[in-house]
Protein chains: 2
Amino acid sequence: MWLNYLVNTYSFMTEHEMNTEQKILDAAKDIFQHKGMTGARMQEIADKAGINKALLHYYYRTKEKLFEKVFELAFSLFIPKVKEMMTSDKPIFEKLEFFIENYLNLLQKHPYIPGFIINELNRNPKMLVGLIEKNIQLKEGNLLGVIESQIQHEVELGIVKPISARNLMTNVISLCIFPIVARPILQGVLFENDKKEYDLFLEQRRAFVKEYIINSIKV
Amino acid sequence: MWLNYLVNTYSFMTEHEMNTEQKILDAAKDIFQHKGMTGARMQEIADKAGINKALLHYYYRTKEKLFEKVFELAFSLFIPKVKEMMTSDKPIFEKLEFFIENYLNLLQKHPYIPGFIINELNRNPKMLVGLIEKNIQLKEGNLLGVIESQIQHEVELGIVKPISARNLMTNVISLCIFPIVARPILQGVLFENDKKEYDLFLEQRRAFVKEYIINSIKV
DNA sequence: TTTATCTTTGACTAAATGGTTAAAACAAAT
DNA sequence: ATTTGTTTTAACCATTTAGTCAAAGATAAA
């Protein structure tokens with residue numbers, strides 16, 4: 001199909017007429033995110049995409065390159081959102097509520113991505129190097145700086161308790177992501193492995209986490 | 001060596017006279033925890049243990065069996081501690097401080113284990129089935145029940161704010177483990193990848209987390 | 001010293017796996 | 001219809017990898 005490059009969405013296409021490149025990416029995403037770089041098999045990805053293994057190498061010459069593409073897509077879906085959501089000009093409480101709400105939505109839609117990112121970065125931390133500046137322009141609108149001075153400002157107004165931006169961000173992200181990433185063990189230990197119960201727990205935690213974070217810095 | 005089975009510690013031995021089985025376990029632990037089941041190579045483990053690959057199969061017939069052993073050791077080092085530390089008969093505040101203090105120590109000593117456990121459980125959640133009851137006798141001294149009723153009791157005394165035991169445990173564990181598990185990304189985004197700074201951050205967070213958790217439930 | 005048992009090794013095998021190639025199928029342009 | 005360029009496939013290759021085996025070394029007992 002010589003106009004593949006014009007197609008950047010496929011919601012209106014049926015599975016069958018979806019272009020090959022996209023089918024490959026979808027399949028690769030699925031396999032890589034569940035089995036990791038080392039656990040994934042090119043044959044399995046080809047099968048899932050419904051194509052020949054050779055065709056995989058025709059589009060993405062090596063497993064490495066295909067993996068990098070998938071990783072980058074996952075990364076750019078999750079990491080820039082943090083900055084994007086935290087640098088609006090709402091007051092800090094609203095900002096936090098907005099962030100938690102939206103990040104939990106994102107996590108619900110892509111529950112395997114954070115674990116995938118964490119795991120692969122642990123395997124090969126060098127991948128991070130180019131990726132951060134590519135996805136977060138730290139220069140203008142420095143994330144930490146913005147939050148830091150916003151907190152300081154609202155501390156002076158007597159609205160929030162003092163807290164370092166790094167600790168605050170770490171807490172928020174930990175409380176949002178960890179229950180998803182560590183689902184198997186938490187579900188096992190705290191819920192006798194009852195999937196439904198854990199889903200309900202996560203649902204109820206949405207409001208809980210918001211309140212918990214807000215209360216912890218409300219003066 | 002016919003008295004291998006008598007040796008269960010080796011702190012007094014030099015690397016050289018350490019028995020083979022232990023050398024294998026140490027090497028396997030290292031490789032598996034850094035590369036995961038699928039990324040690890042039997043040859044690499046053999047090399048690290050300073051033995052022949054065939055000897056690996058002599059002691060642990062398959063990669064699977066060796067992995068299971070390593071996983072079980074890691075699991076039993078981390079999971080039962082939760083119960084052990086939370087079921088003492090201290091008041092809740094002391095209990096939480098004690099837990100956080102000790103769990104952070106454990107994490108500092110074995111920073112790769114939680115990521116290892118989480119990742120492998122994600123790959124194969126079935127592993128959990130036997131492991132939980134083997135490591136935590138849920139029957140007597142039910143962990144959640146104990147905490148739950150302790151909270152309720154202290155709520156009635158007007159000492160703590162009401163909170164579900166599951167949410168409290170999830171918060172504590174998330175705040176302790178996540179900054180270790182997600183170290184590469186947090187260090188990258190929040191600390192411009194400065195390792196020393198991140199170590200310092202973790203060090204300072206020890207007191208911070210304790211205070212944060214306590215304050216969040218102090219009435 | 002001999003014998004029996006346990007430990008270790010080098011050499012090997014079968015299967016899996018990432019990657020290649022040459023040719024076929026297809027689509028568009030002339 | 002022919003040509004030209006692109007997409008897809010079946011068959012193949014080289015390497016890696018878990019696992020085996022027979023024989024050699026070591027160790028304690030007889």
Side-chain angles (χ1 to χ4, degrees), chain A residues 1-8 10 13-32 34-71 120 123-124, chain B residues 1-8 10 13-32 34-71 120 123-124:
Chain A
M1 287 184 219
W2 54 276
L3 37 71
N4 272 353
Y5 69 94
L6 288 175
V7 182
N8 52 24
Y10 53 93
M13 297 191 241
T14 70
E15 154 102 25
H16 194 73
E17 48 196 4
M18 205 193 273
N19 73 70
T20 307
E21 205 160 346
Q22 193 59 51
K23 281 196 295 182
I24 291 176
L25 280 181
D26 286 354
K29 178 189 153 185
D30 214 273
I31 304 289
F32 276 134
H34 278 89
K35 311 205 164 181
M37 163 70 181
T38 56
R41 297 290 162 245
M42 292 299 265
Q43 185 60 60
E44 205 181 354
I45 295 174
D47 290 348
K48 182 145 220 160
I51 59 164
N52 188 290
K53 181 163 69 85
L55 201 53
L56 226 52
H57 288 91
Y58 175 76
Y59 280 94
Y60 300 88
R61 275 216 314 298
T62 65
K63 186 186 183 183
E64 192 89 19
K65 287 199 193 326
L66 177 56
F67 174 81
E68 267 165 29
K69 185 82 189 178
V70 169
F71 185 84
E120 297 299 333
R123 190 181 56 95
N124 176 17
Chain B
M1 288 184 221
W2 55 276
L3 38 72
N4 271 354
Y5 68 94
L6 289 175
V7 183
N8 52 25
Y10 52 92
M13 297 190 243
T14 71
E15 155 101 24
H16 193 74
E17 49 196 2
M18 206 193 272
N19 73 71
T20 306
E21 203 161 347
Q22 193 57 50
K23 281 196 297 183
I24 290 176
L25 279 182
D26 285 355
K29 178 189 151 184
D30 213 273
I31 303 290
F32 275 135
H34 278 89
K35 312 205 164 182
M37 163 70 184
T38 57
R41 297 290 163 247
M42 291 299 266
Q43 185 62 58
E44 205 180 354
I45 294 173
D47 290 348
K48 182 146 222 160
I51 59 164
N52 189 289
K53 182 163 69 83
L55 201 53
L56 225 53
H57 287 91
Y58 174 75
Y59 280 93
Y60 299 88
R61 274 215 314 298
T62 65
K63 186 185 183 184
E64 193 88 21
K65 287 198 195 325
L66 177 56
F67 174 81
E68 268 166 28
K69 186 82 188 178
V70 169
F71 185 84
E120 297 299 333
R123 191 181 56 94
N124 176 16

Starting at [atom1] of [X] and ending at [atom2] of [N], how long is that distance when rounded to a whole Å?
X: B:Asn19; N: C:dT8; atom1: CG; atom2: P; answer: 9 Å
X: A:Lys65; N: C:dG18; atom1: NZ; atom2: P; answer: 16 Å
X: A:Glu21; N: D:dT8; atom1: CD; atom2: P; answer: 10 Å
X: A:Tyr60; N: C:dG19; atom1: OH; atom2: P; answer: 15 Å
X: A:Tyr58; N: C:dA24; atom1: OH; atom2: C1'; answer: 14 Å
X: A:Leu55; N: C:dA25; atom1: CG; atom2: P; answer: 16 Å
X: A:Lys23; N: D:dT7; atom1: NZ; atom2: P; answer: 14 Å
X: B:Arg61; N: D:dG19; atom1: CZ; atom2: P; answer: 10 Å

**Complete:** Per-nucleotide protein contact along nucleotides 12-17 of chain C, 5' to 3', at a 4.0 Å heavy-atom cut-off (B base, S sugar-phosphate only, - neither), is -----S

**Request:** Measure from NZ or CZ of B:Arg123 to the centre of the six-membered ring of B:Phe71, then state whether that distance is under 6.0 Å and the direction lies within 45° of the axis.
**Result:** no

**Request:** Flag the pair A:Tyr58 / A:Asn52 as yes when at least one side-chain heavy-atom distance between them is below 4.5 Å, and no otherwise.
**Result:** no

**Message:** I'd like to check A:Met42 versus A:His57 (side-chain heavy atoms, cut-off strictly below 4.5 Å). Are they in contact?
**Reply:** yes

**Asked** Which listed nucleotide (C:dT8, D:dG19, D:dT9) is nearest to the side chain of A:Ile51?
**Response** D:dT9

**Complete:** Regarding the side chain of B:His57, the nearest nucleotide among D:dT20, C:dT8, C:dT9 is D:dT20

**Fill in**
For B:Asp30 and B:Lys48 the tightest heavy-atom approach is OD1-NZ, 3.3 Å

**Under-4.0 Å salt bridge between A:Glu68 and A:Lys65** = no

**Complete:** Only residue of B:Glu21, B:Lys69, B:Lys23 satisfying side chain to side chain contact (heavy atoms under 4.5 Å, CB included) with B:Tyr59 is B:Glu21

**Request:** Would you check if the side chain of A:Lys35 reaches a backbone N or O of A:Arg41 as a donor-acceptor pair within less than 3.5 Å?
**Result:** no

**Request:** Could you say whether A:Gln43 or B:Ala54 is positioned toward the 5' end of DNA chain C, judged by the nucleotide with the nearest heavy atom to each?
**Result:** B:Ala54

**Message:** With a 4.0 Å limit, can you tell me whether A:Thr20 has a side-chain N or O closer than that to the phosphate oxygens OP1/OP2 of D:dT8?
**Reply:** yes

